[in-house]
Every structure is written in structure tokens, then in C-alpha cells.
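Heavy-atom basis, side chains included; hydrogens, waters and symmetry copies ignored. Residue numbers begin at 1 in each chain, while the letters A, B, ... track the order of the sequences.
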Amino acid sequence: MVPLSWYVALSAVMFVTGLVGVLIRRNIVVVLLCIEIMLNAVNINFVAFSDYLHLIDGQIFVFFVITVAAAEVAIGLGIIISLFRLRESVNMDDYNLLKL
Amino acid sequence: MIQQLPFIYFGGMALVCAILVVASRVAIYSAMALLGMFVHVAGLFIVLDAPFLAGVQLLVYAGAILVLYLFVVMLLNLQGGGVTSLQKQAPWAILLSLLAVGELGYLLLKTHFYPKLPAIPHPSVPTLGNSETIGMVLYTQYLFPFEVASVVLLIALVGAIVMARGRGRFRQE
């Protein structure tokens, strides 16, 4: 039997991987992909705890996480397309309209 | 060891794919690595006795969300412009993230995890399958969040159309 701590460790490392991606990548599409990595890491945690506690609620939360992820992707890609029309670039550093 | 082999395979591959998403220089390779990660996370869900969620993961993430990403990556023609390079703060970010991993590992070592207990048997209640149980709980106990989720999806639908439409009424100043 796989202990729960292994799942938590895997989830933590995957989350930090996604966080590194958000922090270091310049391409805004890849940044959005890295947010998906973080959401998936959280989902692994939810399902692992749901299995170990014999409670179904964790799996329900994963449903809502997937719903919010789908909404986030639709909105995020809409914003990216809009920004690309404005700036002809997907580089994060080119979006500086709000910068002082 | 043989019992832990599925976890090691699916978890290890999911982690490798996640690192590939971050490390690939081409956006389309990142998207493909993300597809591998989704599939292996679905495998982890099967290992964790949640087969319905594994199906949903494959359908929604690999089937819908990733196709949307691929559309946008191909639509935007991301080749030029030097966007493959990393941010200036990359070394600091990696350093601090390694620190965070160490911290999380320390916390995990200090935490006591109880071993998995057997499920409490209910002699009178017939045991339901995974999807039946999820349906029962989702449509009774979590009915209101379910409805809110549908409103969230509706707003996302309208918002995506409005923002991606381009030179519409909202942009003619």
C-alpha cells in the first residue's frame, strides 16, 4: 500500500514545478499551462485524501476544480488572444500598460 | 514494492512531464508534455480508486482544455520574438523554489500520517460504485455549489466570446 505521505510529497513537488514555470517563463501561453500543472497537483492531493479517509467529498471538490479550470482556460485564452491583437506578442514583458 | 509500482510509474511520469512543460523551449512541446501529464494523473486517479474522475480528467482536460490550448498556440504563430528565453529572475525563482521544496519536505517528515483505515462496513446499506456515490453526493449535499459552477461556466462562455471577438462594439472608441 502506498502511504499517503508519498502522494502529498508528489503533489508538493508538482505544485512547486508549476510555480517555477509561472515565475520563470516569458511565454504567456506556457504560464497558463503551468497553472494547469498546479491545479492538477492539488487534484492529486484531494483524491489521495478522499481515498485514505474513505470520504467522497474530496472527489467532488476535484469536480469543481476542473470546472473552474475550464472556465479559467476559456477566459485566459480569450485574454491572450485579445492581448496578442493589441501587441502582436505573447511575451509577458510586452504587456506593460499598467506599469508606472 | 510491486504494490507501489503503479504509483511510482504514474507519479514519476507525471512529474517528468510537468518538468518538461516548464523546460521545453517550444510552446507546442509544452502542450504535448502537458497532455502526457494529464494522462498520467488520470492513471494516478485509477490507482487511488477514483475511476470516474480519471475518465472526467481525460475527457475534460486532455479532450477539451488541451485542444483549446493547441488551437491558440497554432493560431498565434509563436515562433518569432525571442519568447523562448527565461525571465531575468529565473535563478532566484529556482533557488527559492528549491528552498520551498526543502521546507515542504521537512514539514512532511515532521508530520505523522496515520495508516489507511479499512472502510466502515454498513451492513444495511448496499455498497454503491464510484460514479453512483459521486452522483448521490453531488446532487444532494453539493447541489448549490453545483449550480454555482454552472453559472461560472456560463459567465466564462460569455466572457470568452466577448473578449476574443475582436473589433466589436466594445472596442470602438
Side-chain angles (χ1 to χ4, degrees), chain A residues 1-10 12-14 16-21 23-27 29-30 32-34 36-37 40 43-44 47-48 50-52 54 56-57 59-60 62-64 66-75 77-82 84-85 89-93, chain B residues 3-4 7 11 14-15 18-19 21-22 27 30-31 34 37-38 41 44-45 48-50 53 56 60-61 64-65 68-69 72-73 76 78 81 83-87 89-90 93-94 97 100-101 104-105 108 111 113 116 119 133-134 137-138 142 145 149 152-153 156-157 159-160 163-164 166:
Chain A
M1 210 59 232
V2 185
L4 178 60
S5 52
W6 291 22
Y7 285 103
V8 180
L10 171 73
V13 175
M14 264 177 74
V16 175
T17 307
L19 190 63
V20 170
L23 288 177
I24 71 173
R25 290 303 299 255
R26 276 215 165 104
N27 189 335
V29 179
V30 180
L32 217 58
L33 291 177
C34 292
E36 299 298 319
I37 297 178
N40 263 281
N43 283 354
I44 292 173
V47 179
S50 153
D51 184 42
Y52 273 77
H54 300 289
I56 203 77
D57 303 54
Q59 300 187 20
I60 308 276
V62 173
F63 266 104
F64 294 131
I66 289 177
T67 311
V68 172
E72 171 239 323
V73 166
I75 296 283
L77 291 177
I79 291 174
I80 287 176
I81 288 178
S82 219
F84 186 76
R85 283 213 190 94
S89 159
V90 287
N91 190 341
M92 295 265 277
D93 296 342
Chain B
Q3 282 180 323
Q4 290 146 5
F7 169 80
L15 195 58
I19 291 170
V21 172
V22 177
S30 286
L34 195 76
M37 199 204 73
F38 287 153
V41 169
L44 268 183
F45 287 172
L48 280 169
D49 205 13
L53 268 188
V56 168
V60 176
Y61 268 124
I65 291 182
L68 217 57
Y69 273 115
V72 170
V73 169
L76 295 190
L78 300 175
V83 280
T84 52
S85 57
L86 301 178
Q87 297 268 26
Q89 71 265 25
I94 293 170
S97 305
V101 167
L104 285 168
L108 272 173
T111 311
F113 287 99
K116 187 182 179 183
T133 319
I134 287 177
V137 179
L138 187 62
Y142 288 94
V152 168
L153 282 178
L157 186 71
M163 272 186 297

Quick one: of [options], who has the most non-hydrogen atom pairs under 4.5 Å with chain A?
options	answer
B:Ile134, B:Leu153, B:Asp49	B:Ile134
B:Ala100, B:Pro145, B:Ala93	B:Pro145
B:Val56, B:Val60, B:Leu34, B:Leu53	B:Leu53

Structural part of [X] lying under 4.5 Å from a heavy atom of chain A:
X	answer
B:Leu68	both
B:Val41	side chain
B:Leu104	side chain

Can you tell me how far [atom2] of [Y] sits from [atom1] of [X], rounded to the nearest 0.5 angstrom?
X	Y	atom1	atom2	result
B:Met163	A:Ile75	CE	CD1	4.0 Å
B:Thr111	A:Leu4	OG1	CG	10.0 Å
A:Leu77	B:Leu76	CG	CG	8.5 Å
A:Asp51	B:Phe45	CG	CZ	11.5 Å
B:Ile19	A:Thr17	CD1	OG1	5.0 Å
A:Leu10	B:Leu15	CG	CG	6.0 Å

Interchain contact, A:Asp93 with chain B, by part (heavy-atom threshold 4.5 Å)
side chain
So, the side chain of B:Tyr69 versus the backbone of A:Val73: is there a donor-acceptor pair under 3.5 Å, distance only?
no
For A:Asn40 and B:Tyr61, what are the C-alpha separation, side-chain angles and deciding distance, and is it a side-chain contact (heavy atoms from CB on, under 4.5 Å)?
CA-CA 10 Å; A:Asn40 263 281; B:Tyr61 268 124; 3.8 Å; yes
Top contributor to chain B contacts, counting heavy-atom pairs under 4.5 Å, from [options]:
options	answer
A:Val13, A:Ile66, A:Val20	A:Ile66
A:Leu23, A:Val16, A:Ile60	A:Ile60
A:Val47, A:Ile81, A:Val30	A:Val47
A:Leu19, A:Val8, A:Leu32	A:Leu32

Start with the C-alpha distance between B:Tyr142 and A:Phe63, add both sets of side-chain angles, then the distance that settles side-chain contact (heavy atoms from CB on, under 4.5 Å), and finish with yes or no.
CA-CA 11 Å; B:Tyr142 288 94; A:Phe63 266 104; over 6 Å; no
Quick check: closest heavy atoms across [X] and [Y], and the distance to 0.1 Å?
X	Y	result
B:Val22	A:Arg25	O-NH1, 2.7 Å
A:Leu33	B:Ala31	CD1-N, 3.8 Å
A:Asn27	B:Ala27	ND2-CB, 3.8 Å

Side chain proximity check, B:Met37 to A:Met14, heavy atoms < 4.5 angstrom
yes
Over 60° means perpendicular and under 30° means parallel, so tell me whether B:Phe7 and A:Tyr7 are parallel, tilted or perpendicular.
perpendicular
